2 protein chains.
Amino acid sequence: MLLTPKWDENGDEPQYVQLYTFMKNEIVAGRLTEQTRLPSVRKLADLLGLSTTPVEMAYQQLLSEGFIQSRPRSGYFVEALPDPEVKPGIATNSEPGQHESQPVPSKRPLLRDDKPYMYDFHMSQNDFSLFPYTMWRRLYNQTLRLEQQEDLFYGDPQGEPGFRQQIADYLRRYRGVACSPDQIVIGADQFGLLSLVSLMLGTTHKHIGVENPGYLLYANTFRQHGYEAVPISLEEDGICIGELYEINIRLVAVSPSHQYPRGMIMPVSKRLQLLEWAQTVNGYIIEDDYDGEFRYHGRPIPSLQGLVPNSNVIYMGGFAQVMAPALGVWYMVLPETLLEVYYSLLRETLLEQSSSRLHQRTLQAFMEKGLLEKHVRKMRNLYRKKHDALLAAVQKHFGERASVIGKDAGFHVLLRVYSERTEEELKQLAIQAGVRTSSASFTWLLPPDTLPKEFFLGFSGISLEKIDPGISVLCRAWFGDS
Amino acid sequence: MLLTPKWDENGDEPQYVQLYTFMKNEIVAGRLTEQTRLPSVRKLADLLGLSTTPVEMAYQQLLSEGFIQSRPRSGYFVEALPDPEVKPGIATNSEPGQHESQPVPSKRPLLRDDKPYMYDFHMSQNDFSLFPYTMWRRLYNQTLRLEQQEDLFYGDPQGEPGFRQQIADYLRRYRGVACSPDQIVIGADQFGLLSLVSLMLGTTHKHIGVENPGYLLYANTFRQHGYEAVPISLEEDGICIGELYEINIRLVAVSPSHQYPRGMIMPVSKRLQLLEWAQTVNGYIIEDDYDGEFRYHGRPIPSLQGLVPNSNVIYMGGFAQVMAPALGVWYMVLPETLLEVYYSLLRETLLEQSSSRLHQRTLQAFMEKGLLEKHVRKMRNLYRKKHDALLAAVQKHFGERASVIGKDAGFHVLLRVYSERTEEELKQLAIQAGVRTSSASFTWLLPPDTLPKEFFLGFSGISLEKIDPGISVLCRAWFGDS
DNA sequence: ATGGATTTGTCCGTATGTATG
DNA sequence: TCATACATACGGACAAATCCA
């Protein structure tokens, strides 16, 4: 609109004439509409790299021809177009291609189902009612100061050192992770961190074992980087170690503390077997611990990573669940054996840190004041209430017609429904009743012959009061009046 | 520290004894230092999933043995360790592995040269003295509100729609880029965005042409994803089109508006030839426009992308230069023909947005108020002053002994030095004189037989007053008293 | 709401290249 | 060849309007 793509540098047309013609066309074509303020003489001159004179002359010309109006010391404004009846040529000309600058309706496919539901049991929402808004604002504002100008520049590509120190301390205390700050790598998203892992490990074997069913991000991400994703069966106590030995892989992703989506805990005996497998094949284990802090009854489950010192475990965590996804702060803990590989990747690629330095510093301050610990406890208590309410509601309304899988932790349970209806029928009935609950079938990388009818019931996002009525409505939709 | 990795679940040791032993060891080993406050009885019990009783018993035991001290209604605090002379066993034992929680000196290689220099002509610093601190804080605080809780959740994986609209408008006006918001993809870093491009285009040809010399990030990133990076010669007016036809490639990365590092502008004729090449081989052009806003004399150079409608150009830009790198907001503009590929990548991989949603929203508000335009002009004026001062200083001190390459735009110029000394000597002399100026030799993917002695002189980061003395010092270091 | 900083239309002195006499 | 006039462009200056703390 303002920056004319073509400009006759030293040709015959004087600059002010070119400018005048360009702006006249913009107005006639309707791209500059009535009452629109033109850029000030000085601004446009500056933008175009000219002196004010040609701009002024162009504006004067437009002014004298009545295309624009001058409000002294306020600006130039586009006049209403001359009446079409008087100049029919312009009117017909301006019809087809007008308003090119209007937003075009998006052709992008809907990736998230954002329809409003009366009862939203989405599998992993957050409840932000307890988010420490004022404290976060205060700490952010303290981070962003003139006196600390350098904090606005690029930070450590691995993540802010002080922040990594805080995370190392936190992980040691609350998740039993044994690591130094040097082993921690910050990133803005899971995909990015996993991509780094795939680059670090991809020189030899390009296979990754994943839990089936499980969190599909691992399979998807590594596939994008040329890996083959091998589904590994899930037993009652976690991934099947036997299969790991049968197949020629050296990398596996697991969620031992709270399996996604089925919620099982891998017992210590199996954990030791898994670590032994990694040592035997000289391979690596990716430990997904995205909800490790959120265990509601019984003892928290320490990480696999800290069970045996210096084991080949890559631990993945982040602040999306404990704080907010919008901050964009995730991390991973690399085993010592991968540090050199990581450093050479840094050197070769000149990687920048993707996670905002300001948010890293703010989180660091938040943790240094011991506020994270406090906030996690608050959130856990809140989610525990919801969790308990959900279980009570399911028991009350469904009784023997459904059973709950994977309780006591995380942000959802699975509801196994004993119904004659097909999964698709159940889905539709839920939608019609205004209840959001997605089927767990998409978590299978390789679906079994008969899919169990299991549905996600997320409890973290929905408000406490809506849980019981929501479950009641869902039960009635599926089983008629109860 | 607090969460014991090993816990004898139902073994012989009572819980309080395990806890007592654990904490005693922590204190003796020095991991819990004097005057550190222990977690409160209730908190620790909650954390461990126990009742308060065993925790209280453990603390009582520690108290009675003098390891900790109780301050009623205040907390338990670690006492000073018993005197080593009295208990020599502990002292000797605590020497080697003590203070495990202390920050370990990093083994990571120095990636950025962060030594303090008296005169810092780093090639691409920012001057944050004019950063709109208060306005940014205000807008950020307005973005982060209880009433807009949802903004804390995951956002649109492509980037916030309203923000993309603002970027589209901005690019059209100030860079001559023609695009709809649908074509814009937000990301937190260049590497991540380029990785997406490499995944989108990597199904067929895995080759990328890059300017030689040029910005090595393109070669490095695509190499990591299995591409071969082919150096293409640089002519006086930009990349050599002839070579593109000779080699079997279908992807090239260029910086037409201000070539990095040599600062040349690709003339319109060559731009059209380049676009024609892309059409002929059915390939793509990556246009790097990271400093397109910063042209100091003469007219701004409109983007290659907007020269011909619907051309196969991927435009790359970001807010690191115009605002601050620490925000972590970059973007690219995809051609229409790549949108479907991008969408299926989104669907398959379940990509999350990496750039912080809060910063996107804040930037959006900033742009909606027209403040970005204002800020860019301010920064450009500031950098122009520095640019002009640098050129004057070089002329004044070096005279005929050096010439300047690539002026009038960006954040650096190249100084070609006519000296008998080797590059390494010049480097060392500059360092000894307290002047930071890196050689341009690293920008060659494939160095020529004789490397010209060219040095980066960045002017954006250094303060205006230091420019002339800095150049003076540098000249004297290299040529003796002048 | 109120004062100070910034922005804005307008005006003016000057410089340069070209055409004219 | 020289002086003059004109069109075009540059860089400031002024005072009112507007924005912002």
Side-chain angles (χ1 to χ4, degrees), chain A residues 1-4 6-24 27 32 34-79 137-138 140-142 144-147, chain B residues 127 129-143 170 173-174 293 295-300 322-323 362-389 391-392 407-408:
Chain A
M1 190 206 298
L2 297 185
L3 205 157
T4 62
K6 289 151 199 165
W7 191 266
D8 188 357
E9 191 65 52
N10 44 3
D12 312 322
E13 288 268 280
Q15 295 173 322
Y16 82 98
V17 178
Q18 292 186 51
L19 234 181
Y20 155 76
T21 330
F22 176 73
M23 307 227 56
K24 191 177 75 174
I27 295 171
L32 280 173
E34 193 182 344
Q35 291 308 316
T36 305
R37 190 174 173 284
L38 296 186
S40 79
V41 177
R42 258 176 285 264
K43 271 191 186 167
L44 188 52
D46 183 60
L47 176 66
L48 296 176
L50 305 171
S51 80
T52 55
T53 316
V55 179
E56 214 178 314
M57 291 175 71
Y59 279 12
Q60 285 302 323
Q61 190 64 26
L62 291 167
L63 186 64
S64 62
E65 296 187 20
F67 286 103
I68 61 174
Q69 168 200 1
S70 162
R71 296 187 206 153
R73 278 149 208 112
S74 170
Y76 289 98
F77 295 83
V78 178
E79 278 278 26
R137 270 198 287 257
R138 185 185 311 166
Y140 182 89
N141 293 346
Q142 280 171 10
L144 183 70
R145 312 191 78 85
L146 184 60
E147 302 82 61
Chain B
D127 186 329
S129 58
L130 298 182
F131 188 87
Y133 292 93
T134 50
M135 179 54 78
W136 184 266
R137 272 197 286 256
R138 185 188 308 167
L139 294 177
Y140 182 89
N141 293 345
Q142 280 171 12
T143 303
Y170 173 81
R173 282 194 303 239
Y174 290 91
E293 289 90 349
R295 179 148 288 277
Y296 307 121
H297 296 103
R299 301 200 355 88
V322 294
M323 292 295 292
T362 309
L363 260 177
Q364 179 184 339
F366 195 75
M367 295 171 85
E368 280 167 353
K369 289 176 180 291
L371 295 172
L372 183 63
E373 178 191 355
K374 206 183 275 187
H375 184 245
V376 168
R377 190 176 13 261
K378 241 195 246 171
M379 296 310 294
R380 195 174 34 171
N381 288 336
L382 176 63
Y383 291 150
R384 172 168 25 222
K385 276 199 199 114
K386 296 187 178 186
H387 168 269
D388 295 353
L391 290 198
K407 58 191 180 71
D408 290 336

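What you see is a predicted model, and the numbers here were worked out from it, not measured in a lab. Lettering follows sequence order; numbering is per chain, from 1.
With rounding to whole Å, A/Arg73 atom CZ is found 5 Å from D/dA16 atom C1'. In this structure, A/Gln69 atom CD and C/dT10 atom P are separated by 11 Å, rounded to whole Å. Rounded to an integer number of Å, the gap from CD of A/Glu56 to C1' of D/dC14 is 13 Å. Per the geometry, CG belonging to A/Leu19 stands 11 Å off P belonging to D/dC10, to the nearest Å. Whole-Å rounding puts the A/Tyr59 OH to C/dC11 C1' distance at 18 Å. One can place CZ of A/Arg37 at 10 Å from C1' of C/dG9, the figure rounded to the nearest angstrom. If you measure from atom CG of A/Asp46 to atom C1' of D/dA9, you get 16 Å, rounded to the nearest angstrom. Look at OH on A/Tyr20: it is 18 Å from P on D/dA7, rounded to the nearest Å.
In this structure, the nucleotide among D/dT8, D/dA21, D/dC20 sitting nearest to the side chain of B/Leu371 is D/dC20.
Proximity of A/Gln15 to the phosphate of D/dT8: no side-chain N or O atom is located under 4.0 Å from OP1 or OP2. Put simply, A/Thr53 has no side-chain N or O that comes within less than 4.0 Å of OP1 or OP2 on D/dG11. Between C/dT10 and A/Gln60, a contact under 4.0 Å exists linking OP1 or OP2 to a side-chain N or O. Between A/Ser51 and D/dC10 there is a side-chain polar atom (N or O) within less than 4.0 angstrom of OP1 or OP2. Contact annotation: A/Lys43 side-chain N/O to C/dT8 OP1/OP2 distance is under 4.0 Å. Using a 4.0 Å cut-off, no side-chain N or O of A/Ser74 falls inside it from OP1 or OP2 of D/dA16.
Taking 4.5 Å as the limit, some side-chain heavy atom of A/Tyr59 sits within range of a side-chain heavy atom of A/Leu44. Under the 4.5 Å side-chain criterion, counting only non-hydrogen atoms from C-beta, A/Tyr16 is not in contact with A/Leu50.
Residue side chain A/Arg42 reaches the base of C/dG9 through a donor-acceptor N/O pair under 3.5 Å, judged by distance alone.
Using a 4.0 Å cut-off between charged side-chain N and carboxylate O, B/Asp127 and B/Lys385 make no salt bridge.
When heavy atoms are screened at a 4.0 angstrom cut-off, B/Arg377 is found touching no nucleic acid atom at all. Across all strands, A/Tyr16 comes closer than 4.0 Å only to sugar-phosphate atoms, never to a base (heavy-atom distances).
Dense packing is recorded around CZ of A/Arg37, with more than 12 heavy atoms of other residues, nucleotides or ligands lying under 6.0 Å away. The environment of A/Lys43 atom NZ is dense: over 12 non-hydrogen atoms of other residues, nucleotides or ligands sit within 6.0 angstrom.
Take the nearest nucleotide of DNA chain C for A/Tyr76 and for B/Lys374: the residue whose nucleotide is more 5' is B/Lys374.
With pairs defined as Watson-Crick or G-U wobble and both atom distances under 3.5 Å, the stems of at least three pairs that touch DNA chain D come out as C:2-21 with D:2-21.
Checking A/Glu56 against A/Gln60 by side-chain atom types alone, no donor-acceptor pair falls below 3.5 Å.
When all heavy atoms of A/Asp46 and B/Arg384 are compared, the closest pair comes out as OD1-NH2, 3.5 Å.
Taking CD1 from A/Ile27 and CZ from A/Phe22, the interatomic distance works out to 10.5 Å, rounded to the nearest 0.5 Å.
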